Amino acid sequence: MKIATWNVNSLRVRLPHVLDWLKREQPDVLALQETKTEDANFPQKELETAGYQAVYSGQKTYNGVAILSRTSAADVITDLPGLVDPQRRILAATVNGWRVVDLYVPNGSEVGSDKYAYKLDWLGHVHSWLKLELLRHPRLVVMGDFNIAPEDRDVHDPMAWNEKILCSTPERQAFQEWLALGFKDAFRCFDQPEKSFSWWDYRMNGFRRHLGLRIDHILISSQLVESCRACRIDVEPRGLERPSDHAPVLAEFV
DNA sequence: ATGGTCGGTAACCGA
């Protein structure tokens, strides 16, 4: 079983990269964020031709999540009980006996802003729901764009980012509270290169200068830890012409 | 030096 997550920043623009990457990596599951595509315009045909089924929860201009899979997805959820939110950021489905949760966590804009309050509130709601989801589905994967760099080693310049958005203590605390439910950060289950990042700002030549953050994550439930064999970030697509600002993250299981 | 670059959509907003 090979699973992956990728914030594509517009599926329409990135479809060629996604199709190339699917062909090369052949994941069983790929969770996408920021598809920015209404469901009616979802490129179902192109993905089917590549051998992938898709479930999705899209909206125009902003947000949008999708789960691509080789086998069919069941029990699809797009909204949480008690969380009324027009923003399409959540998608859960059962694939091949695995519960897969695809999240596009709010960015939060700036510490102290309305969007920041929304982010923390959202993280709290999802925390409560994940607690239940973990009871229902012992084999649970939660992956996506978390918009949180969990530790200073996940930040190219921790001093510059100190208590800034994506790095603030309340955000990191929320991440730790999720882990405390019984998840492991798959990436940290293995030795990794220093300065491993998954997102680089388009501005300031961020990628070329390695000015990145690790904000895209794969959380795995305890039951899956034993069978996890690898987790890595594939920086290759970030170097392509007209790239997403995020790189895909993959995890492999026996 | 508080900038810069994308994507979507049509003057800016969000990231």
Side-chain angles (χ1 to χ4, degrees), chain A residues 5-21 30-43 46-47 56-66 85-91 102-123 126 143-150 154-168 170-172 174-175 197-217 233-249:
Chain A
T5 177
W6 194 3
N7 179 323
V8 291
N9 187 16
S10 169
L11 183 53
R12 185 182 65 81
V13 173
R14 227 64 66 198
L15 188 59
H17 290 186
V18 171
L19 292 172
D20 286 349
W21 194 80
L30 174 58
L32 302 176
Q33 304 86 38
E34 279 203 273
T35 57
K36 298 184 176 177
T37 305
E38 287 182 299
D39 291 351
N41 302 328
F42 194 88
E46 293 89 333
L47 291 163
Y56 35 83
S57 179
Q59 74 181 81
K60 199 157 90 172
T61 311
Y62 305 116
N63 311 312
V65 283
D85 189 352
Q87 301 190 30
R88 303 292 80 197
R89 300 180 173 279
I90 297 171
L91 187 61
D102 178 14
L103 298 178
Y104 175 45
V105 176
N107 172 281
S109 184
E110 217 179 311
V111 174
S113 66
D114 288 352
K115 291 194 175 72
Y116 183 70
Y118 165 70
K119 179 180 194 173
L120 295 180
D121 181 63
W122 190 96
L123 288 166
V126 177
M143 57 182 166
D145 177 358
F146 282 60
N147 271 316
I148 299 172
D154 301 312
V155 181
H156 70 90
D157 185 347
M159 294 299 276
W161 283 85
N162 183 49
E163 294 301 335
K164 296 285 193 304
I165 199 66
L166 315 182
C167 301
S168 74
E171 293 167 86
R172 287 179 168 177
F175 186 84
F197 307 128
S198 67
W199 170 81
W200 302 260
D201 202 307
Y202 283 126
R203 295 167 287 190
M204 308 282 289
N205 264 318
F207 182 63
R208 193 180 52 74
R209 298 164 61 202
H210 311 294
L211 308 181
L213 274 68
R214 190 177 71 92
I215 58 175
D216 300 88
H217 307 298
I233 300 167
D234 183 5
V235 299
E236 190 271 346
R238 186 61 178 82
L240 296 173
E241 205 67 40
R242 247 192 140 184
S244 167
D245 44 353
H246 294 252
V249 184

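First the proteins, then the strands, lettered A, B, ... as listed; each starts at 1. In this text, all values refer to a predicted model and were calculated from it rather than measured experimentally.
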- Note on the structure: Which of dA15(B), dT5(B), dG14(B) is nearest the side chain of Tyr104(A)? It is dA15(B)
- Item | Protein-nucleotide distance (Asn7(A), atom CG; dG7(B), atom C1'), rounded to Å | 12 Å
- Would you indicate whether Glu110(A), at its atom CD, is surrounded by more than 12 heavy atoms from other residues, nucleotides or ligands within a distance under 6.0 Å? no
- Query: How do Gly108(A) and Asn9(A) order along DNA chain B: which one's closest nucleotide is nearer the 5' end?
  - Reply: Asn9(A)
- Short side-chain N/O contact to dC6(B) OP1/OP2 from Arg242(A), under 4.0 Å: no
- Query: Is the shortest side-chain N/O distance from Lys115(A) to OP1 or OP2 of dG14(B) below 4.0 Å?
  - Reply: yes
- Task: Find the distance Glu110(A):CD to dT2(B):C1' and express it as a whole number of Å.
- Result: 11 Å
- Task: Let me know the distance between CD of Gln33(A) and C1' of dG14(B), rounded to the nearest Å.
- Result: 16 Å
- Select base, sugar-phosphate, or nothing to describe what Arg238(A) touches, counting heavy atoms under 4.0 Å on all strands. nothing
- Item | Intermediate values then yes/no, side-chain hydrogen bond (donor to acceptor under 3.5 Å, both in side chains), Thr37(A) and Tyr56(A) | CA-CA 9 Å; Thr37(A) 305; Tyr56(A) 35 83; over 6 Å; no
- Message: Treating Ser109(A) as the side-chain partner and Lys115(A) as the backbone partner, does any N or O pair qualify as donor plus acceptor under 3.5 Å?
- Response: no
- Message: Checking Asn63(A) against Arg89(A): is there a side-chain donor and acceptor pair closer than 3.5 Å?
- Response: yes
- Query: Rounding to a whole Å, what distance do you find between Glu34(A):CD and dA15(B):P?
  - Reply: 7 Å
- Query: Considering only the P atoms, how many Å lie between dA1(B) and dC12(B), rounded to the nearest integer?
  - Reply: 29 Å
- Query: Roughly, in whole Å, what's the span from CD in Gln87(A) to C1' in dA15(B)?
  - Reply: 13 Å
- Message: On DNA chain B, does the nearest nucleotide to Trp199(A) precede the nearest nucleotide to Val13(A) from the 5' side, or the other way round? Give the residue.
- Response: Val13(A)
- Task: Report the residues that fulfil side chain to side chain contact (heavy atoms under 4.5 Å, CB included) with Pro243(A), sequence neighbours left out, ordered by chain and then residue number.
- Result: Arg238(A)
- Which of parallel (below 30°), tilted (30 to 60°) and perpendicular (above 60°) describes Phe175(A) and Phe146(A)? perpendicular
- Message: Which residues in residues 203-212 of chain A have a heavy atom closer than 4.0 Å to any atom of DNA chain B?
- Response: Arg203(A), Met204(A)
- Grab the CG-P distance between Asp201(A) and dG3(B) for me, whole Å please. 14 Å
- CZ of Arg12(A) versus P of dC6(B): gap in Å, rounded? 16 Å
- Query: What is the distance from CG of Asn107(A) to P of dC13(B), rounded to the nearest Å?
  - Reply: 16 Å
- Message: Could you tell me how far dG7(B) sits from dG3(B) if I compare only their P atoms? Round to whole Å.
- Response: 22 Å
- Any chance the side chains of Trp21(A) and Asp234(A) put a donor and an acceptor closer than 3.5 Å? yes
